[in-house]
Amino acid sequence: MTNAKKPAEERFVTFVPAVSFEGYPEDKKTKFLAGVESVPVPASYLDLLRAKGLVDDNPPAADDRKKETNDSQAV
């Protein structure tokens, strides 16, 4: 019997892209849209995107986006 350690499970996170682009997290073609919260991706993939400047680290709060939408729809 061996005492082999299990590999640590990758943590998944979401982010808001600063620009729209196509990427390949876990070898799956995925379209990321600027300003829209992403699907969950591995944290290591997010680190790579952040290093390339593709992540908006200060996206507007959901309440702010809703307020802007409601204001623009006023008649």
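Remember, it's a predicted structure, so these values are computed and weren't measured experimentally.
Nearest heavy-atom pair across Glu10 and Ala43 is OE2-N, 3.4 Å. Taking both residues in full, the closest heavy atoms of Tyr24 and Tyr45 are given as N-OH, 3.2 Å, listed atom of the first, atom of the second, then distance. Between Ala18 and Gly53 the shortest heavy-atom distance is CB-O, 4.3 Å. The two residues Pro25 and Pro42 make their nearest non-hydrogen contact at CB-CD, 4.3 Å.
The cluster map of Ile, Leu, Val, Met, Phe, Trp and Tyr, joined by side-chain heavy atoms under 4.5 Å apart, puts Val55 and Phe21 in the same cluster. Taking hydrophobic clusters as Ile, Leu, Val, Met, Phe, Trp and Tyr residues chained together by side-chain heavy-atom distances below 4.5 Å, Phe32 shares a cluster with Leu54. No continuous path of ILVMFWY side-chain contacts below 4.5 Å connects Val36 to Val19, so the two sit in separate hydrophobic clusters.
Under a 3.5 Å cut-off, the side chain of Thr14 and the backbone N or O of Pro40 do not form any donor-acceptor pair. Under a 3.5 Å cut-off, the side chain of Ser38 and the backbone N or O of Phe15 do form a donor-acceptor pair. Remark: side-chain polar atoms of Thr30 are paired, donor with acceptor, to backbone N or O of Lys28 under 3.5 angstrom.
With contacts defined as side-chain heavy-atom distances shorter than 4.5 Å, the pair Asp57/Arg50 qualifies.
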